[in-house]
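Here is the structure we will look at, set down as structure tokens.
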2 protein chains.
Amino acid sequence: MKENGPKDRILATASRLFYEQGYTQTGINQILEEAKVAKASLYQHYGSKDELGVAYLQYERERWFKLFQAYLDQKTTPLDKIVACFEYLEESQPQRNFKGCRFINLLTELSDSSPKMREQIVEHKSKLRAYFAQLTQHYKPIASQSLADSIYLLFEGAIIESKIYQHVWPIVIAKNAAKKMLE
Amino acid sequence: MKENGPKDRILATASRLFYEQGYTQTGINQILEEAKVAKASLYQHYGSKDELGVAYLQYERERWFKLFQAYLDQKTTPLDKIVACFEYLEESQPQRNFKGCRFINLLTELSDSSPKMREQIVEHKSKLRAYFAQLTQHYKPIASQSLADSIYLLFEGAIIESKIYQHVWPIVIAKNAAKKMLE
DNA sequence: CAAAATGTAGACAGATTTGTCTATGTTTGC
DNA sequence: GCAAACATAGACAAATCTGTCTACATTTTG
């Protein structure tokens with residue numbers, strides 16, 4: 001993200017704070033201070049905190065898949081790509097202090113409010129699930145949907161549990177379990 | 001929980017609301033109104049909202065394992081017991097409107113604050129992990145720790161994903177994946 | 001019975017929060 | 001070069017929130 005105008009500075013700052021501190025724990029005023037932007041500018045570009053949340057999710061969805069695919073593109077074989085999904089977590093989660101998945105974090109924080117944000121999150125995860133199906137299909141064309149979903153579940157479980165234990169072991173376990181499933 | 005004195009009514013009401021609405025989204029005053037208890041009573045028995053949160057977690061930890069083990073006790077063979085873990089989710093999650101795991105929900109809400117509550121949650125999950133190790137060991141004495149952990153990860157992933165999709169399919173997928181791992 | 005403990009009801013302080021509004025300054029495009 | 005659009009700074013409203021405190025009622029206990 002190029003930090004040009006106030007609009008981008010707001011999104012970049014909100015994105016960082018929403019992940020580090022949580023959405024509800026982050027106040028509008030803190031975003032304004034750290035982004036060095038006036039309050040009117042925020043409500044000019046994004047109408048409310050909720051809409052800023054939606055913009056945040058849209059931005060991060062795109063960013064997430066870009067980074068993820070870029071990492072996978074380093075690998076050539078389909079099997080290596082699937083394994084690399086977990087290696088991506090092994091690298092990224094410690095860097096992020098095991099804060100887990102921003103999308104799941106937000107979903108949990110919201111409980112029932114904000115259907116727009118919920119929609120973004122469910123769409124994102126649906127897309128990830130489909131991506132695992134595609135990767136698995138590419139490795140083994142006759143593979144079942146349930147095999148891909150099992151790996152997807154291990155992937156998601158690994159993120160959550162590495163957050164709980166503040167450690168990579170769940171990711172390593174999940175990686176090896178996925179490998180075995182694909183044998 | 002017997003709903004006798006104010007102390008118990010507070011905990012019972014808080015427990016329900018913390019799960020349904022979330023911890024931060026539930027105000028002290030709402031608990032007092034619904035429990036029909038005066039504010040002074042709450043601060044008499046529990047010193048603060050944070051300590052009420054800790055009491056809530058302690059109470060629910062015990063309750064969770066009791067219900068879980070009672071369900072598993074219906075099964076006789078070790079394999080049936082492991083499969084029943086997932087069947088328990090198939091029954092409980094739809095009943096709870098797919099609100100997911102209260103412990104993980106709270107962990108995510110808290111972000112970094114309240115180390116006491118975090119401790120309760122991590123202890124609870126560690127105990128669950130150990131329980132899966134025990135079940136797996138009982139089924140196959142030479143089984144590795146990583147097999148048990150893999151099933152644990154599927155279990156945890158299933159809870160989260162059934163919350164995202166508001167559906168049981170992740171639980172069914174996880175159950176079948178676990179079965180296959182144990183073959 | 002009387003005293004101590006416990007519970008009720010709710011006002012209040014103090015700190016937050018989101019969102020609006022006024023007033024002023026700075027770019028930018030025609 | 002001037003007007004329109006954009007940005008700043010921050011006061012303010014209105015609605016939270018947790019926690020304290022006063023005043024009174026009820027229950028328990030010696």
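It should be emphasised that the depicted structure is a prediction, and the values quoted were computed from it without experimental measurement. A, B, ... follow the sequence lines: proteins, then strands. Residue 1 opens every chain. Atom set for the values below is all heavy atoms of this structure, side chains included, hydrogens, waters and symmetry mates excluded.
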Check whether any side-chain nitrogen or oxygen of B:S41 sits under 4.0 Å from OP1 or OP2 of C:dT8, and answer yes or no.
-> yes
Write down the distance between CD (A:Q44) and C1' (C:dC21), rounded to a whole number of angstrom.
-> 14 Å
Can you tell me if the side-chain N/O atoms of A:H45 get under 4.0 Å from OP1 or OP2 in D:dC6?
-> no
When all nucleic acid strands are considered with a 4.0 Å heavy-atom cut-off, which category describes B:K7: base, sugar-phosphate, or nothing?
-> nothing
What integer distance in Å separates B:L42:CG from C:dT6:P?
-> 16 Å
Polar contact flag, side-chain donor to acceptor under 3.5 angstrom, A:E60-A:Y19 | no
Kindly say whether, by distance alone, the side chain of A:K39 makes a donor-acceptor pair under 3.5 Å with the base of C:dG19?
-> yes
Reckon A:T26 touches a base, only the sugar-phosphate, or nothing at all at heavy-atom distances under 4.0 Å?
-> sugar-phosphate
Indicate whether the side chain of A:Q30 and that of A:E34 have a donor and an acceptor atom separated by less than 3.5 Å.
-> yes
Going by heavy atoms in the side chains, are B:F18 and B:N105 under 4.5 Å from each other?
-> no
Mind checking the NZ-CG spacing from B:K125 to B:L107? Nearest 0.5 Å is all I need.
-> 9.5 Å
Check the distance between D:dA9's P and A:L32's CG and give it to me in whole angstrom.
-> 11 Å
For the pair made of CD1 in B:I31 and P in D:dC17, what is the distance, rounded to whole Å?
-> 11 Å
How long is the line joining CD1 of A:I28 and P of D:dA13, in whole Å?
-> 20 Å
For A:Y23 and C:dT18, give me the distance from atom OH to atom C1', rounded to whole Å.
-> 10 Å
Tell me whether A:L147 is reachable from B:L182 by hopping between hydrophobic residues (I, L, V, M, F, W, Y) whose side-chain heavy atoms are closer than 4.5 Å.
-> yes
Starting at atom CG of B:N4, determine the distance to atom P of C:dT6, rounded to an integer number of angstrom.
-> 16 Å
Which nucleotide in the list D:dT8, C:dG7, C:dA11 gets nearest to the side chain of B:P6?
-> C:dG7
In whole angstroms, how far is the P atom of D:dC17 from the CD atom of B:E109?
-> 14 Å
Assert: residue with more 5' nearest nucleotide on DNA chain C, out of A:A40 and A:N29, is A:N29
